[in-house]
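Order of the sequence lines fixes the chain letters, A, B, ..., with proteins taken first and strands second; residue numbering starts at 1 for each chain. All values below were derived from every heavy atom in this structure, side-chain atoms included, with hydrogens, water molecules and symmetry-related copies excluded.
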There are 4 protein chains.
Amino acid sequence: MKMTKRELDTAKTREILIESAENLLQQKGYEKMSVSDITKASGVAKGTFYNYFNKKEEIIFELNKRHMNGLSNKIKSLSVDDPSISIRRYLVDFLQIIVNSKVNLARQWVRFVAASSNTEKWQYDNELLQKLIKGLIKSERLKPNTPVNELSILLTTEVYGIIFSWCITPETIDPVKTINSFCDLQLNSLIEPYVNK
Amino acid sequence: MKMTKRELDTAKTREILIESAENLLQQKGYEKMSVSDITKASGVAKGTFYNYFNKKEEIIFELNKRHMNGLSNKIKSLSVDDPSISIRRYLVDFLQIIVNSKVNLARQWVRFVAASSNTEKWQYDNELLQKLIKGLIKSERLKPNTPVNELSILLTTEVYGIIFSWCITPETIDPVKTINSFCDLQLNSLIEPYVNK
Amino acid sequence: MKMTKRELDTAKTREILIESAENLLQQKGYEKMSVSDITKASGVAKGTFYNYFNKKEEIIFELNKRHMNGLSNKIKSLSVDDPSISIRRYLVDFLQIIVNSKVNLARQWVRFVAASSNTEKWQYDNELLQKLIKGLIKSERLKPNTPVNELSILLTTEVYGIIFSWCITPETIDPVKTINSFCDLQLNSLIEPYVNK
Amino acid sequence: MKMTKRELDTAKTREILIESAENLLQQKGYEKMSVSDITKASGVAKGTFYNYFNKKEEIIFELNKRHMNGLSNKIKSLSVDDPSISIRRYLVDFLQIIVNSKVNLARQWVRFVAASSNTEKWQYDNELLQKLIKGLIKSERLKPNTPVNELSILLTTEVYGIIFSWCITPETIDPVKTINSFCDLQLNSLIEPYVNK
DNA sequence: GATGAATGAGCATTCATTCAT
DNA sequence: AATGAATGAATGCTCATTCAT
């Protein structure tokens, strides 16, 4: 499916706006990044922003979507491995994405998620994990009586806690290392009763 | 140490300002709470706020100080008990304080802590835990080779993660219950190697 | 005079634009009705509006023209009747047209007419009345010394006042009833000296 | 009751804002007069406007209040005169006030009153007239069976119609002359049945 | 210490209009 | 003739902070 030159142009403008916003978000934070900042950095007129987004807020959702894309695709391939390994791999991937996007962006994300009782993001992440666990049950890697819900909540909470702590003391916390040591120490004993050998 | 009537008056004004700010913070969040809101709610003139605080931001620090007061006093009494019990008690107390202050205030706290690389708060909480663990070592409840630092970081991270998750989905997460089940499942096995029997 | 298919299409587009504008004018008022609103409601692109009208304002003139069309045709047939009856009939028709177009549209009309010293509309209405009175003189229903100008101004003023009052308190004023009682009470005595019996 | 220097200053600022607004309203109309225009013309900062008025709209009410002040005080003194004379005097005064305030201001007033179904102003004017008529009944200048309501509505409608027409064609209409000739021709015959001789 | 008027930068958002395709 | 992306001026309003009284 080809794009006309015009469609290409608008896609490009959209892209530039999103990238500029990402940079600014990292530098200044959501509240201090004005729409004007974004358009100036993008080299377009202020009004142009509103040709692509209805509200300033919308650009945050956009950024999230991009970052977490791909993760959900991996779920399937992970579902057939050894549970302890595949869960670890998933958690590490998740945190790696966050780490890659720089700590300031993560901070904004924390602030945004915590601000309004904006449940969606948490729910989404929780459901991805549930999908993974259910996949492992289906492929008979885990027993049918595995407490899917409790397990996914526990793991999401763990991951969120790590991100949060990382935001606060990035020098002290290495998210990937932390999640690995969590897996070493606790994950195995948590899932052991439900693993099919 | 006595206060003159004048000193009492100004102490009272300060008190009222802080209380009003706490209420408003809960209702509206930091950004949407204006200095004007605070002074109106306190029944004083707008300018009066600046007789007590240099910047709007300052009042947040004040609030934090108050909430976590008292907790540090308990440390000593806890240091002589059974490690698993005393650590659990401390963590439960910590979360109980947060829960008591309502979810909206916790949200603001999360937002604030995450915003600037405001390390202080995290450090402070982490140090309290270290004090507790060191106390337990001193009273020979825990072995000298207990990895104080790793353990305190792990526990702080856990607690912060729970608070964060609670802010996002208060219906799903009961912080006290969650920390208890964390202690049941994981705390014991974590500290077991270091417990003096 | 036939239209080609193309001419028909463009005539239709024009029509749709005008109709959409009329609806929106009623609902939102002139200032709050954007060109974008009009084109969206019409199912055409924003730019299309400017193929048919030079400025947003122009569409108002268009609407006015349409509404008052037809009224001028009746003048001739009315000119040969009993003066008191034909003038009353004319005034009632006039107000009926306004009433039919809903009070919100009338309000916009009032606002528009009052805004700029937009004399045209008033002049036009006044001249129609003069035509009627002159017709009645010509058909010898009224005497030649009838003060055409004074009379038409007086009547136009009366009618405009009723519309205006109706816009303000539509519950209190029934335009048609009001004009009828005006005719009952005052019209007869006003024109009596000039009626040929 | 004295005013402190400070109170005097704020009263003065308020005054200047209102005066500037009145001038601008006359020149540009409500929509095209920005808050910025008002404050610039007043020589104060933009924010200052909002120390005195909550919304831009509020200044219109303020202006109306001022213009119509005084009229209501006259009611009492008029109530004891010959009905036809006192009513005429009242109507002439009313229109004189409008005429004095320049046609462009009257236009804005018409636009404003017609915009929202802003009934208040009409009601207020209608009630003033009712007060006058009731006063005349009380002082036995008019009979008790005078149809107060019908009469006041009829007269308010008449006056509003004249103002409206004047806004549209100020060259054609002289409001005071028009109301006088209305009184000559119609008022007497309207109230005659109810006058006590 | 208390007051509250004044400040003015700052912001999100709207919208009529243009114009290259 | 139709499109719709781009424009950028304009606007109402907020608010932390200052400072003369």
Side-chain angles (χ1 to χ4, degrees), chain A residues 4-7 9-14 31-40 42-58, chain B residues 6-7 9-10 13-14 31-40 42-58, chain C residues 6-7 9-10 13-14 31-40 42-58, chain D residues 4-7 9-14 31-40 42-58:
Chain A
T4 64
K5 184 178 176 310
R6 193 168 192 180
E7 281 170 337
D9 278 354
T10 70
K12 221 177 282 174
T13 305
R14 193 186 165 82
E31 277 91 4
K32 293 190 179 167
M33 163 188 81
S34 72
V35 173
S36 218
D37 288 337
I38 301 175
T39 53
K40 241 176 248 165
S42 305
V44 297
K46 192 144 117 184
T48 302
F49 180 88
Y50 290 92
N51 289 337
Y52 293 90
F53 307 95
N54 292 312
K55 315 189 85 213
K56 183 188 164 193
E57 218 193 40
E58 260 188 41
Chain B
R6 188 163 195 179
E7 280 170 339
D9 277 357
T10 70
T13 305
R14 196 185 162 80
E31 276 91 4
K32 293 190 180 165
M33 163 188 80
S34 70
V35 173
S36 209
D37 287 337
I38 300 174
T39 52
K40 240 178 249 165
S42 306
V44 298
K46 193 144 90 175
T48 302
F49 181 89
Y50 290 90
N51 290 333
Y52 294 91
F53 306 96
N54 291 312
K55 316 188 86 217
K56 183 187 164 193
E57 220 192 34
E58 261 188 37
Chain C
R6 186 161 195 180
E7 282 172 336
D9 277 355
T10 71
T13 304
R14 195 184 162 81
E31 276 91 4
K32 293 190 179 165
M33 164 188 80
S34 70
V35 173
S36 209
D37 288 337
I38 300 174
T39 53
K40 238 175 251 165
S42 306
V44 298
K46 192 144 89 173
T48 302
F49 181 89
Y50 291 90
N51 291 333
Y52 294 92
F53 306 95
N54 292 312
K55 316 188 87 219
K56 183 186 163 194
E57 217 192 37
E58 261 188 41
Chain D
T4 64
K5 185 178 175 305
R6 193 167 192 181
E7 282 171 335
D9 278 354
T10 71
K12 221 178 280 174
T13 305
R14 194 186 165 82
E31 278 90 5
K32 293 189 179 166
M33 162 188 81
S34 72
V35 173
S36 220
D37 289 336
I38 299 175
T39 53
K40 242 176 249 165
S42 306
V44 296
K46 193 144 113 184
T48 301
F49 180 88
Y50 291 93
N51 289 337
Y52 294 89
F53 306 96
N54 291 311
K55 317 187 84 213
K56 184 187 164 194
E57 219 193 40
E58 260 187 41

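Side-chain contact check for D/Thr10 versus D/Tyr52: some heavy-atom pair is nearer than 4.5 Å. Side chains of C/Tyr50 and C/Lys55 form no contact here, defined as non-hydrogen atoms less than 4.5 Å apart.
Mapping B/Gly43 and D/Asp9 onto DNA chain E by nearest heavy atom places B/Gly43 closer to the 5' end of the strand.
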- [ ] Scan nucleotides 11-21 of chain E nucleotide by nucleotide, 5' to 3', and note B when protein non-hydrogen atoms come under 4.0 Å of the base, S if they reach only the sugar-phosphate, - if neither.
- [x] SBBB-BBB---

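Whole-Å rounding puts the A/Lys40 NZ to F/dT7 P distance at 14 Å. Going from atom CD1 of D/Ile38 over to atom P of F/dC13 covers 11 Å, rounded to whole Å. A/Arg14 has its CZ atom 11 Å from the P atom of F/dA5, to the nearest Å.
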Task: DNA chain E base-pair string [pairs: Watson-Crick or G-U under 3.5 Å; |: paired with another strand] - done: .||||||||||||||||||||

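Atom CZ of A/Phe49 and atom NZ of A/Lys40 lie 14.5 Å apart (nearest 0.5 Å). If you take CD on A/Glu31 and CE on A/Met33, they are separated by 9.5 Å, rounding to the nearest 0.5 Å.
Checking E/dT3, F/dA2, F/dT3 against the side-chain heavy atoms of C/Val44 singles out F/dT3 as nearest.
Here B/Thr13 does not reach the OP1 or OP2 of E/dG1: none of its side-chain N or O atoms lies under 4.0 Å away.
Among the atoms of the strands shown, only primed sugar atoms or phosphate atoms (P, OP1, OP2) are found under 4.0 Å from some heavy atom of B/Tyr52.
Formation of a donor-acceptor pair under 3.5 Å by the A/Ser42 side chain with backbone atoms of A/Ile38 is found in this model.
No hydrogens or angles considered: a donor-acceptor pair under 3.5 Å links the side chains of C/Ser34 and C/Asp37.
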